[in-house]
Peer 1: 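Submitted below is the structure of interest, expressed as structure tokens.
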Amino acid sequence: MLHKALLVARREFTENLRTRTFWIGILALPVALVFSIGIQVLFFRARDARHYAVVDHSGWLSEAVEARAGAKDLERVLAAAVRAERMPGGAKAFPEPVRALGAELAVAFPAAPATPSLPTATTRDPQAAREAALTLGLDPRLSKLLPLLGARAFGLHAEDSQLEAALGSAEAATRISALLPALAAWYRDLSADQASELGLELARGRFVRSHADGDVEAELARAVASGRLFAYFVVPADPAGSLEPVRYASKNLTDGDLRSWFSDLADDAVRDRRLEQRQISPEVAAWVQQSLAFESRKVGEGGEIEEVATADRARQWAPMAFTYLLWFAVFLVANMLLTSTIEEKSNRIMEVLLSSVSPVELLTGKILGIAASGLTMISAWLSFFLGVAWLVPLLFSFKLPVNLSVVAGDPRLLGSFVIYFVLGYLLYAALLAAIGSVCNTLREAQNLMTPITLLLMVPIFGMVPISQDPNGSLARALSYFPPFTPFVMMNRAAGPPSWLEYVVTTVLLALAAALALWGGAKIFRVGILATGKPPRLGEILRWLRAPVGQVRLEQSPEQKGQP
Amino acid sequence: MTSPALYLEGVTKRFGSTLAVDHLSLSIPRGTLYGFLGQNGAGKTTTLRMVMSILYPDEGRLSVLGSEQPEAVKDRLGYLPEERGLYKKMKVGSMVAYFGRLKGLSAGEAKSRARQLLATYGLGDWVNAPCEALSKGMAQKAQILATLLHEPELVILDEPFSGLDPVNVEAMRQLILEMKRQGRTVIFSTHMMEQAEKLCDGIVLIHRGKKLIDGPLAQVRASAGRGILLDYDGDGSFLRTLPGVARVNDAGKQAEIFLADGVDPQTILAAVVGRLRVRRFDLSEPSLHEIFVRAVGGEQHVA
């Protein structure tokens, strides 16, 4: 009995491995992922520099913006130079003034990067998150120093005392300060093309200011219309003292990169000017603007208050990822079963098989063999992701925000994943095998599949609300409906649900799977021999009510004792 | 060899309200070549499926190779259904071996037998080709070899000749005869009487789920009385109007003429000679076609 089922399973598996679709399927996900990320990066890199002009009635704002943009660019360049110095043998060919300062800084801060401060999901300020990402991998003291160096190179506000504090000594401060003019000079002569070649996404490479002749607005408008300019700004006479707006004019208002870049920098400049006018020191202003800090604590089941560590973040994040994976796995593998059943039917191969194996053996073998193929595919994807998660930090000295060992070590995650996959797959496999058995073509099957596809969408739509409130009444209620149980319970793992809920829902799910297999097998054994139009629901129900195998000869008592 | 290869007693199968097989009783001795004859939908396939335990009878007894549990002897049977397909992408060799394995052969044995058998029947070069590359005739051959790999004692072929061209019909005939020579019992169903006539040791005629005639072919034909077989050129439409003629099966160039009791065939010959160009005039047993038409009451024609 089992021997024949295993033969069927083995054929399903080995033949699946031989198909091109299988390998395309295995490669498709990673390739699509790499491709979509790569395309975005390429688009970003390949974007032409935006030319803009400024009609500056204030006489100072545009220069202030350029100085600030330069300071930020230098900060980026220096960060990259220091990182390059620290790489074993990997000092990129930076131009001399940059390399010299980078080397100096690398000596001054020899410490390997400590745990980097990471942009957390709670960071409300996107600017801060971007800055944090920029200096990733540099220790906090260096991250503080670099903006100062950039500012000083452009003659912006940067006290000697701050520099000394950041560098540790007055002597170091003078030595490093002495290198700054050369750096500023290098930057002044840097062309947009050279800047893009550095690959650091410098503002110099992305936005180029054209000094329009005459600065007459009508002329600029014509330049924008003809495409020579991307946009122009008109700065009012007293931006710091009035509420008069800066005008931004462009043909393309959907691409807001230039506008937001300019307005951020101009905002900073205007704010500094206002502080200066009211004689408020920047330190006081910074302190006033400092937002109130919040930190999260998790209250455990016993009422203990725990700090939220990265491990917990993994625990919050993992259920969603696992739910997706589970859903995808169940859907994909059950669909493979449907396709293979229909293939055998439409290839008229069923009856040959049935002369050697019983329908139940056939169904068992198919369910096992296809599960093996599907799991192979999913493991390939998982190994790809884990490989990337392991390789990327190694190659780019970047640390993942989550600790994977926490995920691997939590039995509630991995254990329940395996159990839910097995039970969920059996449930849906039985349904789809039954559907496949009564259809002759994939198109017929698609119609019958619709209710099941709709059913499967519910856990996907519920994913975010459920993970936000894993023990809420919606999440609880859905857990007890067996077709949703695997996904919803997986999704709630961060809650986590009580053990009682785990046991009750799993028992319900197992019963439902058993029932589905029983019914599925009955439909399967009749359906696989049926040809022509798919039967109506009433007819299928009649198959379900019929006793298994109808009258089995060996079971009729009056025949016992006959030769 | 005491028990018959196949024994049916009052076997009945219903599908909903239709009676597909109606109290069918039958005994087929071992080592014989037996034909299941009947029109499409007569119940031949349903009966064969019950023998293969793909379907189960609602009533009656069924014993295959002496076993009352047909499932237990499944591995000793070979079955070629009418709807026969191949796994398109699978290699011919592996597919034939796979069906052998499902019948209980070991992996190595199935593989070596498959190679050997395919080579014997001229498919040696196709062992590693995908099944979809085979022509229809070759596919047919591969299918039947797959049912023979495990050397079954009883081979059941459902409409083995349907959809084959004359060359492949002949090849199939040779294969069937060879199976018989090897001592296997072969049962095949067909609605083509000429094939059955040429091959069978015995026949069973099924009409609307009921058995009409059953027995060794010679006996069946002998009991039907003799008739005239006439090969001719010309217009034979007058034949059925001749005095003393009971029935005529006129095919245009050949006619079977059956006479009323006591009529001398010589009178017919005399009447025909002047009006037709006679190429053959033969006194013979009736064809299966005639027997079939008579049995079902002449109200239906056979394809």
Side-chain angles (χ1 to χ4, degrees), chain A residues 1 3-8 10-12 14-22 340 343-362 365 440 525-526 528-531 535 538-539 542-543 546-556 558-563, chain B residues 2-3 7 9 11-14 16 45 48-63 66-72 74-75 77-91 94-95 98-104 107 130-132 143 146-147 150 152 156 158:
Chain A
M1 155 80 204
H3 172 70
K4 286 191 176 177
L6 287 179
L7 280 175
V8 174
R10 219 187 62 138
R11 196 208 72 91
E12 276 308 330
T14 50
E15 286 305 307
N16 244 322
L17 289 198
R18 285 187 55 234
T19 59
R20 212 171 298 149
T21 10
F22 182 82
S340 120
E343 193 202 343
E344 273 169 8
K345 262 200 94 173
S346 64
N347 280 352
R348 311 283 181 207
I349 214 153
M350 273 303 180
E351 213 178 332
V352 189
L353 287 174
L354 288 180
S355 69
S356 304
V357 300
S358 73
V360 173
E361 285 167 343
L362 182 61
N440 293 306
R525 63 187 305 150
V526 184
I528 43 179
L529 285 174
T531 47
E539 206 169 331
R542 207 162 44 74
W543 294 353
V548 174
Q550 286 99 10
V551 180
R552 296 291 284 268
L553 289 167
E554 67 270 23
Q555 283 161 357
S556 332
E558 68 267 28
Q559 281 155 12
K560 290 278 151 71
Q562 301 266 3
Chain B
T2 47
S3 59
Y7 178 76
E9 190 183 305
V11 167
T12 300
K13 176 77 191 174
R14 287 182 196 86
T45 298
L48 297 182
R49 280 182 178 176
M50 284 191 281
V51 175
M52 289 312 300
S53 45
I54 292 170
L55 295 175
Y56 294 91
D58 297 328
E59 286 168 38
R61 276 183 59 199
L62 191 150
S63 141
S67 166
E68 295 255 336
Q69 298 179 16
E71 279 180 339
K74 245 182 171 178
D75 285 356
L77 311 181
Y79 179 54
L80 184 71
E82 185 179 4
E83 299 276 14
R84 43 196 171 239
L86 298 164
Y87 286 106
K88 284 185 189 159
K89 305 281 174 199
M90 213 170 170
K91 288 179 186 170
S94 348
M95 196 212 59
Y98 172 62
F99 285 119
R101 291 213 66 193
L102 286 181
K103 290 289 192 187
C131 289
E132 58 189 349
Q143 279 151 354
T147 66
H150 60 294
I156 294 176
D158 194 0

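Lettering of chains follows the sequences in order, A, B, ..., and the numbering in each one begins at 1.
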Peer 1: Are the side chains of A/Val352 and B/Phe99 in contact, using a 4.5 Å heavy-atom criterion?
Peer 2: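 When only atoms from C-beta onward are counted, A/Val352 and B/Phe99 do touch, with a gap below 4.5 Å.
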Peer 1: Mind checking the SG-CD1 spacing from B/Cys131 to A/Ile349? Nearest 0.5 Å is all I need.
Peer 2: 7.5 Å
Peer 1: Counting N and O atoms only, with roles assigned by atom type, does the side chain of A/Lys4 sit under 3.5 Å from a partner on the main chain of B/Leu102, one being a donor and the other an acceptor?
Peer 2: yes
Peer 1: Which bit of B/Lys88 is near chain A, if near means a heavy-atom gap under 4.5 Å: side chain, backbone, both or neither?
Peer 2: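 Both parts, heavy atoms under 4.5 Å.
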Peer 1: Working to the nearest 0.5 angstrom, can you tell me the gap between B/Leu80 CG and A/Ser355 OG?
Peer 2: 9.0 Å
Peer 1: Quick one: which of B/Pro81, B/Gly104, B/Ala72 has the most heavy-atom pairs under 4.5 Å with chain A, could you say?
Peer 2: B/Pro81
Peer 1: For B/Tyr98, check side-chain hydrogen bond (donor to acceptor under 3.5 Å, both in side chains) against everything at least two apart and list the hits.
Peer 2: none
Peer 1: Just so I know, are the side chains of B/Glu82 and A/Arg348 near enough to count as touching, which here means a heavy-atom distance under 4.5 Å?
Peer 2: no
Peer 1: Working to the nearest 0.5 Å, report the span between CD1 of B/Ile54 and OG of A/Ser356.
Peer 2: 8.5 Å
Peer 1: Carefully, step by step, assess B/Arg49 and A/Glu351 under the rule salt bridge (Lys or Arg N to Asp or Glu O under 4.0 Å).
Peer 2: CA-CA 9 Å; B/Arg49 280 182 178 176; A/Glu351 213 178 332; 2.8 Å; yes
Peer 1: Using non-hydrogen atoms and a 4.5 Å limit, figure out which bit of A/Glu15 sits close to chain B: side chain, backbone, both or neither.
Peer 2: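 Contact with chain B involves the side chain of A/Glu15 alone.
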Peer 1: Any side-chain heavy-atom pair from A/Arg10 and B/Arg101 closer than 4.5 angstrom?
Peer 2: yes
Peer 1: Considering all heavy atoms of both residues, which atom of B/Met90 and which atom of A/Arg18 are nearest to each other, and what is their separation?
Peer 2: CA-NH1, 3.9 Å
Peer 1: What pairs with A/Glu343 under salt bridge (Lys or Arg N to Asp or Glu O under 4.0 Å), at least two apart in sequence or on another chain?
Peer 2: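 Result, salt bridge (Lys or Arg N to Asp or Glu O under 4.0 Å) vs A/Glu343: none returned.
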